[in-house]
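Here is how names work: the chains are called A, B, and so on, in the same order as the sequence lines, proteins then strands, and each is numbered from 1. Everything numeric in this text was worked out from a predicted model, so none of it was measured.
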Amino acid sequence: MRCRDAAHVLERYALLLELAGESPFKARAYSAAADALAALDRSLDDALDSGALSQIRGIGEGIVATLDELRRTGTIAHLAELEGQVPPGVVRLTELRGVGAKKARQLWLDCGITSIEQLEQACREHRIAACKGFSAKSEAALLDAIAFWRSTRGQLQRHKAWRLYDELRATLLDGGARDIVAAGQLRRGCETIDLLTLVAITESNTVALPEDFAPAGTRRYSSITRDVPIEILLATPDEAGTALFVATGDDEFLAAATGGSALPPLPDEADVFAHLHLPDIPAELREGTAIVERARRGEIPRLIAREDMRGMIHVHTTWSDGKNTLDEMVLAARELGFEYIVICDHSQSAAYAGGLTIDRVHQQRAEIDALASRVSGIAILHGIESDILADGSLDYPDDVLAEFDVVVASVHSHFALPRAEQTARILRALANPFTTILGHPTGRLLLRRDGYDVDIEAIIAEAARTGTVIEFNVNPYRLDLDWRYHRRACSEGVRFAIDPDAHSTDGIRELFDGISVARRGELTPTDVVNTMSLEQFRAFVAAQRERKQNLQVSA
DNA sequence: GCCGTTTTCGGCCCGACTGTTTTCAGTCG
């Protein structure tokens with residue numbers, strides 16, 4: 001068992017402890033331990049036997065004993081007991097927005113609710129308002145939350161879809177497949193996945209499938225029993241190219257590309273494009289009919305690719321709310337071949353995230369300088385993710401801001417401002433001479449909450465006027481700014497930074513997956529500042545500051 | 001359950017927001 005898997009178990013244990021009415025502090029201790037554990041990229045056996053776990057703050061004797069039980073028996077007896085005690089539907093109640101462990105427990109014990117369906121029924125019949133602590137208003141809020149929950153069911157963020165893919169891949173390879181390839185929405189770079197499509201390449205045209213898969217056509221199998229519907233297509237190696245092509249594009253694209261004729265079995269996708277007399281169309285663009293026409297006219301741009309990325313920008317460490325240390329994050333970026341990394345921990349107003357006071361900013365700089373002198377092969381820049389305060393100002397005085405190599409300015413509070421006020425606030429931050437990059441411009445969390453209400457056109461225009469970079473934050477919950485705005489912004493002269501907003505070394509690796517989504521937006525290497533060399537990037541930031549200062553003077 | 005002592009108990013990230021209450025509790029980031 002990997003530490004990451006053990007972390008998931010502890011997280012669930014923490015939730016059940018709270019639902020069962022045990023000390024919320026105990027639950028929090030388990031939850032914090034889960035966080036710490038998730039950052040360890042090693043096996044649980046190794047972490048326990050080396051004594052590394054007991055060294056970690058927040059993991060003491062009790063939790064080490066629990067983890068030892070988990071690795072010996074594959075489970076935690078007390079957790080199993082709680083699973084028997086708390087109905088599974090009550091655990092699911094916490095998936096609703098605005099329902100935490102306390103409210104779920106209250107709904108269960110005071111109102112007798114043990115599933116989301118029962119809760120919905122009870123709200124409609126106004127039986128919840130009769131319970132202590134609830135009113136007609138809370139019934140309406142709960143119904144809203146249930147509607148939102150329902151609208152996001154059967155969909156996954158990309159990292160969760162990849163996790164499911166990894167599980168299936170291992171099973172299918174064990175079951176005799178020669179190779180497994182992700183196709184469909186995942187390969188096209190869709191930001192959320194409502195159908196997971198895999199091609200299983202097998203010599204014999206058969207593979208041992210998990211029990212929940214049933215036939216759904218010629219050599220096609222599907223399952224609807226997991227978090228998202230899944231389909232698996234079987235193909236022999238000599239027809240793998242055709243199978244992958246068919247499993248990747250959407251229906252409109254396939255009809256336009258093939259003209260409705262059946263494709264011969266071909267081993268490689270390149271053979272399929274040659275057969276169709278079409279240039280290679282990147283998987284991320286294979287939707288709709290227009291792209292086929294563009295391809296025929298030779299209008300497919302050279303899209304950004306992972307090899308183009310030279311700078312890793314916007315990374316958190318244990319100095320604020322990151323799970324891995326500065327050293328670990330730097331070494332992980334170097335291992336992936338990055339030439340420079342820009343550390344951007346939270347600023348002082350982000351107290352919940354351990355934001356840096358001015359003193360700690362200076363301490364962190366000293367540590368970065370010390371590390372830079374020890375580590376070769378990667379440059380370390382000192383940036384900050386500065387909160388944009390309610391009035392649009394940044395979170396430090398100018399003399400402190402001026403010391404950073406890069407300032408990512410982001411909204412983390414006051415999400416509910418009216419549109420005009422929210423927009424004005426962000427425009428003010430864009431005009432700030434020290435704002436290098438506008439972080440996650442809408443604050444959306446995919447399948448969790450919408451972004452704050454802002455005028456994106458106005459933000460793009462002001463970014464263009466001031467020369468401020470807009471972030472494409474590729475944290476799999478964010479993927480913000482939405483790729484649908486990318487071309488328009490670029491046509492106005494805006495540049496993007498493709499940033500992982502990584503809070504762990506795993507998050508750093510997710511950067512590459514996010515590039516798939518950037519390709520949907522047709523970002524090219526010249527649109528993206530991370531493709532610059534270190535010297536180019538430093539010169540870019542210096543020129544940007546000068547330009548912005550001049551704009552301020554003339555204003 | 002963890003931590004750090006004022007060293008074996010008492011407090012535990014903090015501010016905004018919302019909704020139910022008249023002074024606070026729960027949720028969220």
Side-chain angles (χ1 to χ4, degrees), chain A residues 10-11 13-37 53-69 76 78-79 82 93-107 110 123 128-145 148 316 318-322 345-357 360 385 387-391 395 410-418 422 439-440 442-446 448-452 473 475 477-478 480 501 503:
Chain A
L10 290 198
E11 202 56 70
Y13 189 29
L15 176 57
L16 276 146
L17 283 169
E18 237 188 319
L19 287 169
E22 298 210 22
S23 156
F25 295 110
K26 180 175 170 180
R28 189 188 297 172
Y30 272 99
S31 176
D35 265 1
L37 205 56
L53 280 186
S54 28
Q55 299 302 310
I56 295 172
R57 207 186 139 75
I59 298 186
E61 260 178 72
I63 290 179
V64 166
T66 305
L67 287 169
D68 190 53
E69 182 193 352
I76 300 168
H78 188 217
L79 170 59
L82 296 178
L93 290 179
T94 63
E95 292 173 17
L96 298 174
R97 201 167 44 187
V99 180
K102 297 241 168 59
K103 273 198 187 153
R105 182 174 163 78
Q106 202 179 348
L107 286 165
D110 294 353
C123 284
I128 297 299
C131 301
K132 190 166 173 284
F134 293 95
S135 67
K137 213 166 179 180
S138 14
E139 282 180 338
L142 284 168
L143 285 172
D144 266 1
F148 184 82
H316 295 269
T318 48
W319 278 85
S320 64
D321 61 350
D345 273 305
H346 285 284
S347 62
Q348 52 190 350
S349 286
Y352 68 90
L356 303 180
T357 58
R360 297 195 69 233
E385 181 177 21
D387 269 29
I388 297 175
L389 305 182
D391 67 355
D395 204 9
S410 311
V411 166
H412 289 116
S413 61
H414 300 96
F415 296 131
L417 292 183
Q422 192 71 274
H440 47 72
T442 74
R444 74 175 181 184
L445 292 179
L446 291 164
R448 283 194 185 174
R449 67 154 197 242
D450 294 330
Y452 25 84
N473 185 310
N475 179 304
Y477 286 101
R478 297 187 181 276
D480 180 18
D501 194 0
H503 286 72

Taking atom types as modelled, find out whether A:Tyr30 and A:Thr66 have a side-chain donor-acceptor pair closer than 3.5 angstrom. yes
A:Asp450 atom CG is separated from B:dC28 atom P, nearest whole Å, by 15 Å
When we call it a touch if two heavy atoms are under 4.0 Å apart, what does A:Ser413 touch: a base, just sugar-phosphate, or nothing? nothing
Checking N1-N3 plus N6-O4 or O6-N4 for Watson-Crick, or N1-O2 and O6-N3 for wobble, each under 3.5 Å, the partner of B:dC14 is B:dG29
Contacts of A:Glu61 and A:Ala136 projected onto DNA chain B by closest heavy atom; the upstream (5') one is A:Glu61
- Which value, in whole Å, describes the distance between the C1' atoms of nucleotides B:dT8 and B:dC3? 12 Å
- request: With C1' as the reference atom in both, quote the distance from B:dT5 to B:dG10 in angstrom, rounded to an integer.
  value: 10 Å
query = Given B:dG4, is OP1 or OP2 found less than 4.0 Å from the side-chain N or O atoms of A:Arg57?
reply = yes
To the nearest angstrom, the CZ-P distance between A:Arg449 and B:dT18 comes to 14 Å
Rounded to whole Å, CG of A:Leu417 lies from P of B:dT18 at a distance of 11 Å
- Indicate, with a heavy-atom threshold strictly under 4.0 Å, whether A:Ala101 touches base, sugar-phosphate, or nothing. sugar-phosphate
Result for 5'-nearest mapping on DNA chain B, choosing between A:Gly133 and A:Gly62, is A:Gly62
Quiz item: In terms of ring plane angle, is the pair A:His346 and A:His503 parallel, tilted or perpendicular, where the classes change at 30° and 60°?
Solution: tilted
Indicate whether OP1 or OP2 belonging to B:dC13 is found under 4.0 Å from a side-chain N or O atom of A:Arg28.
yes
Taking B:dG4, B:dG29, B:dT27 as options, the one with an atom nearest any side-chain atom of A:Lys102 is B:dT27
Testing B:dC12, B:dC3, B:dT18 for proximity to the side chain of A:Phe25, the answer is B:dC12
*Considering only atom P, compute the distance from B:dT6 to B:dG11 and round it to an integer number of Å.*
15 Å
Candidate pair A:Leu10 and A:Leu67, rule side chain to side chain contact (heavy atoms under 4.5 Å, CB included), full reasoning: CA-CA 9 Å; A:Leu10 290 198; A:Leu67 287 169; 4.0 Å; yes
Closest of B:dG29, B:dC12, B:dG1 to the A:Phe415 side chain is B:dG29
Separation of B:dA25 atom P from A:Arg105 atom CZ, nearest Å, is 17 Å
Electrostatic pair A:Asp110:A:Lys132 at N-O distance under 4.0 angstrom = no
C1' spacing across the pair B:dT7 / B:dC2, given as an integer number of angstrom: 15 Å
Using atom C1' of each nucleotide, how far apart are B:dT18 and B:dT23 to the nearest Å?
15 Å
Checking B:dT27, B:dG19, B:dG29 against the side chain of A:Lys103 (C-beta onward), the nearest is B:dT27
Inter-nucleotide P distance (B:dC12, B:dA25), Å rounded: 15 Å
Whole-Å distance, A:Asp321 CG to B:dC28 P, equals 18 Å
A:His316 NE2 to B:dC13 C1', in whole Å, measures 17 Å
When you compare B:dC13 with B:dG29, how far apart are their C1' atoms, in angstrom units rounded to a whole number?
12 Å
A:His414 has its side chain closest, among B:dT18, B:dA16, B:dG1, to B:dA16
Side-chain atoms of A:Lys26 come closest, of B:dT18, B:dG1, B:dG29, to B:dG1
When you compare the side chains of A:Glu385 and A:Ser347, does any donor N or O come within less than 3.5 Å of an acceptor on the partner?
no
For A:Ile63 and A:Ala33 the tightest heavy-atom approach is CD1-CB, 3.7 Å
A:Arg444 CZ to B:dC28 P, in whole Å, measures 20 Å
Out of B:dG19, B:dC12, B:dG1, minimum distance to the side chain of A:Lys137 belongs to B:dG19
To the nearest angstrom, the CZ-P distance between A:Arg478 and B:dG29 comes to 9 Å
task: Output yes when a side-chain donor or acceptor of A:Asp387 lies under 3.5 Å from a complementary backbone atom of A:His412, and no otherwise.
output: no
